[in-house]
Amino acid sequence: MKTFILVIGFCLSWLSVAAPGDKAPKRAEGDGPYKRLILRGGIMVNGEGAPAMGPVDIVIENDRIKRIVNVGNPGVPIKPKKRPKLQAGDKEINIEGQYILPGFIDMHGHIGGSAENIPAEYVFKLWLAHGITTVREPGSFNGVNWVMDHVERSEKNTIAAPRIIPYVGFGMEQKEPITTPKQARAWVKNIAKKGAKGIKFFGAPPEIMAAALDEAKKHGLGSMMHHAQLEVTNMNVVDSARLGLTTMEHWYGLPEALFEHQHIQNYSPDYNYNNEQDRFGEAGRLWQQAAKPDTEKWLDVRDELLELDFTINPTMTIYEASRDLMREMNADWHEEYTLPTLWDFFQPNRYAHGSYWFDWTTDDEIAWKKNYQQWMAFLNDYKNHGGRVTTGSDAGYIFKIYGFGYIRELELLREAGFNALEVIESATINGAEALGLANDIGSIRVGKKADLVIVGENPLRNFKVLYGTGHFKLNESNKPERSGGVNYTIKDGIVYDAKALLSDVREMVKQAKIQTNKE
């Protein structure tokens, strides 16, 4: 495992950066885009908070939605005269009774960068197979040129991949540390020329952050930040939002902004940031030091972030092993979908970021359960008062697999108190708005791109039907079975068979196990 140190002024952020895997091969899957495609008889959830309606026929021309036609009522046959007529050369797909949702947006999706040699094809197919059509790539840790190559090929649809929105880690590819506002501005200008759409920060002195954020705004770049513990005393979430940061990742920096009777987290005397169990173990005790719901401090922080139109991208899924390690180690999908190199990376390892199971105890898990309760309370309160909460996975670490981790995030938002339609908003239109792409993606409307997810069962009733492994239940014959999974993912009007993509991934994992003698 390679480790590099990113030094930005006084900020020191440890990141495990592995050798990139193989680049994605030329696209062999996916049909279209078609001159005209008609999806027949689906039940639509538009992503903007409206309830499901259907059956509808959706007419797509090339990669844009041309018409949405209400063609009947549930429980009775569709009357043909209401339906858009088939024309010469049209393609139609019968999806009667199936649910159509906007393509999902993963606001925190690394293309590998954790374990060694994770093939881009593996990551992309798992994302597409779970309905993810757009990914914000946070940091470009596989290298800016490597990521930009996939950005461009995905845009041209010469590879089977979601749309990639590349953010670059602040200071990446800089030979010397950024120690002045002038250097910060120069760096921002350079990455903007390379095609970056945003910057990922871990921390920096306020004057450097202010300069970088100001320059980013001039170039139309977005911003996101993991408020690392090494810098959070200088800049918590409210501090950075005031400087112009638009999105926070995870939850670091938020409880610190909610401190009432202290300025610094109550670290144990033996704490060492480079010890991963120290980092995650004591992080699990941080929210208990913050202001409680509905106190004056809580309301002040919430309301100021609302006023600043600040976006919270929590990635709750990536910390879930902290509150239930056994569940994550034994998840249903590991056997067939987890590459051996990832599985090895997840094991306790003092050199690997997030592999912190040196001596994880019952008390550690209970502390994290309490952490989640207060964290979720803030997210729900923020959403209830009009705040934007988005959906991200940060998969590739801590027993979380691409695609599967994203669907779990939907379940965790539901646990936090979001109703099912609010969860879908978080996964679709909220992400599009945060990325400045809501005119093109994020909901099902005439004129928008044909980014869609089609699933055979009702995800509003049960998000588990979106997992590639399906939903485990008892059938009418009193036999246990798995049902569900996405049927089709449509990106830019190209129709991908999600089940076929999953089959490809299973074969990749099988071959990798044979090569490493792990069958």
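One-based numbering along the sequence shown.
- Classification of the Tyr382-Phe378 ring pair by plane angle, with boundaries at 30° and 60°, yields parallel.
- With respect to Asp63 and Lys449, a salt bridge is recorded, a charged nitrogen being found less than 4.0 Å from a carboxylate O.
- In terms of modelled atom types and a separation under 3.5 Å, the side chain of Lys499 and the main chain of Val486 share a donor-acceptor contact.
- To the nearest 0.5 Å, atom CE of residue Met209 and atom CZ of residue Arg242 are 13.5 Å apart.
- Heavy atoms of other residues, nucleotides or ligands lying less than 6.0 angstrom from CG of Asn439 number 12 at most.
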Worked check of salt bridge (Lys or Arg N to Asp or Glu O under 4.0 Å) between Glu61 and Arg64: CA-CA 5 Å; Glu61 293 187 3; Arg64 295 277 172 175; over 6 Å; no
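- Environment of NZ in Lys23: crowded, with over 12 heavy atoms of neighbouring residues, nucleotides or ligands closer than 6.0 Å.
- For the pair Asp332/Tyr467, no side-chain contact is recorded, criterion being any heavy-atom separation below 4.5 Å from C-beta on.
- Under a 3.5 Å cut-off, the side chain of Arg40 and the backbone N or O of Asp57 do not form any donor-acceptor pair.
- For the pair Asn142 (side chain) and Ile111 (backbone), a donor-acceptor distance under 3.5 Å is present.
- Note: Ser154 OG to Asp492 CG = 7.5 Å, rounded to the nearest 0.5 Å.
- Using a 4.5 Å cut-off on side-chain heavy atoms (C-beta onward), Met224 and Pro138 make contact.
- Here the CD1 atom belonging to Ile178 is positioned 7.5 Å from the CD1 atom belonging to Ile208, to the nearest 0.5 angstrom.
- Between His150 and Trp146, the two ring planes are tilted [angle within 30° to 60°].
- Using a distance-only test at 3.5 Å, with no hydrogens or angles considered, no donor-acceptor pair links the side chain of Tyr397 to the main chain of Phe345.
- Listed by chain and residue number, Leu325, Glu328, Trp357, Ile398 satisfy the side chain to side chain contact (heavy atoms under 4.5 Å, CB included) test with Ala321 (two or more places apart in sequence, or in another chain).
- More than 12 heavy-atom neighbours from other residues, nucleotides or ligands sit within 6.0 angstrom of CD on Gln347.
- Side chain of Asn430 to backbone of Val389: a donor-acceptor contact under 3.5 angstrom is found.
- The line from CG of Asn117 to OG1 of Thr341 is 6.5 Å long, rounded to the nearest 0.5 Å.
- Listed for the Thr315 side chain is no donor-acceptor partner under 3.5 Å among the backbone atoms of Ser393.
- Counting heavy atoms of neighbouring residues, nucleotides and ligands inside a 6.0 Å radius, atom NZ of Lys35 does not exceed 12 of them.
- With contacts defined as side-chain heavy-atom distances shorter than 4.5 Å, the pair Lys66/Arg36 does not qualify.
- To the nearest 0.5 angstrom, Arg136 atom CZ is 10.0 Å from Ile165 atom CD1.
- Surrounding CZ of Arg185 are more than 12 heavy atoms belonging to other residues, nucleotides or ligands, all under 6.0 Å away.
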Evaluate the salt bridge (Lys or Arg N to Asp or Glu O under 4.0 Å) criterion for residues Glu249 and Lys200: first the C-alpha distance (whole Å), next the side-chain angles of each, then the deciding distance (0.1 Å), finally the verdict. CA-CA 9 Å; Glu249 302 304 296; Lys200 181 179 182 180; over 6 Å; no
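- Relative ring orientation between His353 and Phe280 is described as tilted, the plane-to-plane angle lying within the 30° to 60° band.
- A salt bridge between Glu155 and Lys197 is absent, with no side-chain N of the basic residue lying under 4.0 Å from a carboxylate O of the acidic one.
- For the pair Tyr99 (side chain) and Val453 (backbone), a donor-acceptor distance under 3.5 Å is absent.
- Ion pairing of Glu411 with Arg414 is absent here, as no side-chain N (NZ or NE/NH1/NH2) approaches a carboxylate O to less than 4.0 Å.
- Heavy atoms of other residues, nucleotides or ligands lying less than 6.0 angstrom from CZ of Phe463 number more than 12.
- Between the Asp239 side chain and the Asn236 main chain, a donor and an acceptor come within less than 3.5 Å of each other.
- Of the possible donor and acceptor atoms, none in the side chain of Trp375 sits under 3.5 Å from a partner among the backbone N and O of Ala416.
- No salt bridge links Glu425 with Lys383; every basic N to acidic carboxylate O contact stays at or beyond 4.0 Å.
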Does the side-chain hydrogen bond (donor to acceptor under 3.5 Å, both in side chains) test come out yes or no for Ser322 and Tyr356, once each step is laid out? CA-CA 9 Å; Ser322 302; Tyr356 50 91; 2.5 Å; yes
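- One N or O on the side chain of Glu409 and one on the backbone of Thr317 form a donor-acceptor pair closer than 3.5 Å.
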Check step by step if side-chain hydrogen bond (donor to acceptor under 3.5 Å, both in side chains) holds for Gln511 and Glu507. CA-CA 6 Å; Gln511 293 303 317; Glu507 184 61 25; 2.8 Å; yes
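- Residues passing the ring-ring contact (aromatic ring centres under 6.0 Å, His included) test with His334, sequence neighbours excluded: Trp343.
- Pro162 places none of its side-chain heavy atoms less than 4.5 Å from the side chain of Lys491.
- Taking the six-membered ring for Trp and thresholds of 30 and 60 degrees, Phe399 and Phe346 have ring planes inclined between 30 and 60 degrees apart.
- Using a 4.5 Å cut-off on side-chain heavy atoms (C-beta onward), Asp451 and Arg163 make contact.
- For the pair Phe202/Leu230, no side-chain contact is recorded, criterion being any heavy-atom separation below 4.5 Å from C-beta on.
- Two residues are said to be in side-chain contact when any heavy atoms from C-beta on lie closer than 4.5 Å; Phe201 and His226 fail this criterion.
- Contact annotation: the side chain of Phe104 approaches that of Leu466 to within less than 4.5 Å [non-hydrogen atoms, C-beta and beyond].
- To the nearest 0.5 angstrom, Met248 atom CE is 11.0 Å from Thr311 atom OG1.
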